[in-house]
Amino acid sequence: MTAPTDSPTDPTTAGALTDEAHRYYQENGFVRIPQVLSADEVERFRAASEELVAQHGPEIWGADESSVQVHFVAQAWLKHEALRDLALHPAITAIAKRLAGGPLRLYSTDVLLKPAQKELATLPTLVHDDETGLPLDGLERTLTAWIALVDVPVERGSLSYVPGSHLRDAAHRQTHMTSFAEHRAISDIWPDYDWQPRITVPLKAGDVAFHHCRTVHMAGPNLTDSPRMGHGIVYMDAESTYRPGTEDAHIAHMTPGEPLNNEKFPLI
Ligand code: SIN
Ligand code: NI
């Protein structure tokens, strides 16, 4: 099995998305789409991400500053005009909808930075799937777009995916959690995990990798002297509803079961 690896010189659009890439996503639960963003766009979004980190100070994915997996800025699209354009980018949203096969809304966007090793020794990103941590119900086609805003070779903290893991049954998934204390290691809930192959997907700046919310994934540490600047965008099923869970402060005023059908979660 091989991931599509062609590198066209023209940016990839939904119309140019090959049937092979679509089939690859359905079978494996992730796919790399090369050169979705132009070099100018990459530079604009990268600079905006740096500004946001400097302005807001990143939050930490990890126990504390001595065990950082990722520095992040949540809800980035509501904090910077350029990152709003990224979240609603016509090529990214069109590819997301084509892969998902149905209507989607924007749920969240995060700056995802692993600082250069000389600044901070980052840890690998925890093995997880995104379904567990989303405070949402009705997740069938929900997916994440992971956008490389710099070159991300393996040593800079590429993501790895377990192909086909999005198809495992509910008995082998943690479909929800109401607090991080409930989080269980993947091998506990899916004993077969230890014997599954993983595919590591290096990305060039401007490439986008999409993964389904049930696809098991992780990332390596940044072992290089340049920051790994990425961006994660979750596009949810258009009919998703609020289900109290983790990181839900921004929607905790909602009633459980209420659809997220307002301007904070635009249809794409
Ligand atoms: C990472 O950027 O290291 C992890 C992102 C994700 O889990 O989607
Ligand atoms: Ni994730």
Side-chain angles (χ1 to χ4, degrees), residues 25 28-33 45-46 49 52-53 58-63 67-76 83 86-87 92 96 99 106-117 120-136 139 142-163 165-166 173-177 180 183-186 189-190 193 198-203 205 207-224 226-236 245-247:
Y25 175 77
N28 296 294
F30 69 95
V31 68
R32 178 180 81 92
I33 309 294
F45 300 141
R46 191 198 55 75
S49 303
L52 211 54
V53 171
E59 293 183 67
I60 296 170
W61 186 345
S67 52
V68 173
Q69 299 173 33
V70 181
H71 273 164
F72 68 96
V73 180
Q75 301 299 335
L83 298 176
L86 178 59
I92 297 176
L99 292 173
L106 174 60
Y107 173 65
S108 64
T109 84
D110 292 83
V111 172
L112 295 170
L113 168 67
K114 282 184 188 266
Q117 191 179 35
L120 187 73
T122 48
L123 297 180
T125 306
L126 175 86
V127 181
H128 68 282
D129 65 29
D130 295 340
E131 176 182 45
T132 313
L134 287 169
L136 301 173
L139 305 177
T142 296
L143 77 178
T144 297
W146 202 99
I147 299 144
L149 297 177
V150 293
D151 284 344
V152 185
V154 173
E155 295 70 24
R156 194 159 289 141
S158 296
L159 271 69
S160 301
Y161 307 88
V162 179
S165 53
H166 63 310
R173 308 197 315 263
Q174 183 174 12
T175 55
H176 191 69
M177 59 183 177
F180 284 111
H183 187 260
R184 295 172 58 200
I186 291 283
I189 40 176
W190 186 29
Y193 166 72
R198 296 145 211 195
I199 298 186
T200 301
V201 181
L203 298 177
D207 293 351
V208 181
F210 292 84
H211 65 259
H212 188 273
C213 64
R214 293 178 185 151
T215 304
V216 175
H217 58 282
M218 65 217 84
N222 183 357
L223 302 174
T224 74
S226 297
R228 187 211 71 173
M229 186 62 88
H231 204 87
I233 305 181
V234 177
Y235 299 109
M236 64 180 167
T246 50
E247 294 193 279

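Order of appearance sets the numbers: ligands from 1, and atoms from 1 within every ligand.
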- Task: State, with a plain yes or no, whether a side-chain heavy atom of V70 is found less than 4.5 Å away from one of I60.
- Result: no
- Message: Do R198 and Y193 make a side-chain contact, defined as non-hydrogen atoms from C-beta onward lying under 4.5 Å apart?
- Response: yes
- Task: Determine, stepwise, if the pair R156 / D151 fulfils salt bridge (Lys or Arg N to Asp or Glu O under 4.0 Å).
- Result: CA-CA 8 Å; R156 194 159 289 141; D151 284 344; 5.8 Å; no
- Just one of Y25, F210, F30 clears the ring-ring contact (aromatic ring centres under 6.0 Å, His included) bar with Y161, so which one? F30
- Query: What's the shortest heavy-atom distance between L126 and H183, and which atoms?
  - Reply: CD2-CE1, 3.7 Å
- Note on the structure: Partner of E131 under side chain to side chain contact (heavy atoms under 4.5 Å, CB included), picked from L136, T175, T215, is T175
- Message: For H211 and H217, take the angle between the two ring planes, folded into 0 to 90°, and tell me which bin it lands in: parallel under 30, tilted 30 to 60, perpendicular over 60.
- Response: tilted
- At distances under 2.8 Å, what protein N, O or S atoms surround the Ni ion (ligand 2)? H128 NE2, D130 OD1, H217 NE2
- Message: Do the side chains of R173 and D129 get close enough for a salt bridge, i.e. N-O under 4.0 angstrom?
- Response: no
Taking a 3.5 Å cut-off between nitrogen or oxygen atoms, can you list every pair linking ligand 1 to the protein, with distances?
| residue | atom | partner | partner atom | Å |
| --- | --- | --- | --- | --- |
| ligand 1 | 2 (O) | W146 | NE1 | 3.0 |
| ligand 1 | 2 (O) | R228 | NH1 | 3.3 |
| ligand 1 | 2 (O) | R228 | NH2 | 2.7 |
| ligand 1 | 3 (O) | T125 | OG1 | 2.8 |
| ligand 1 | 3 (O) | R228 | NH1 | 3.0 |
| ligand 1 | 3 (O) | R228 | NH2 | 3.4 |
| ligand 1 | 7 (O) | H128 | NE2 | 2.9 |
| ligand 1 | 7 (O) | H217 | NE2 | 3.1 |
| ligand 1 | 8 (O) | H217 | NE2 | 3.4 |

- From CA spacing to verdict: side chain to side chain donor-acceptor pair (under 3.5 Å), D130, T144: CA-CA 8 Å; D130 295 340; T144 297; 2.9 Å; yes
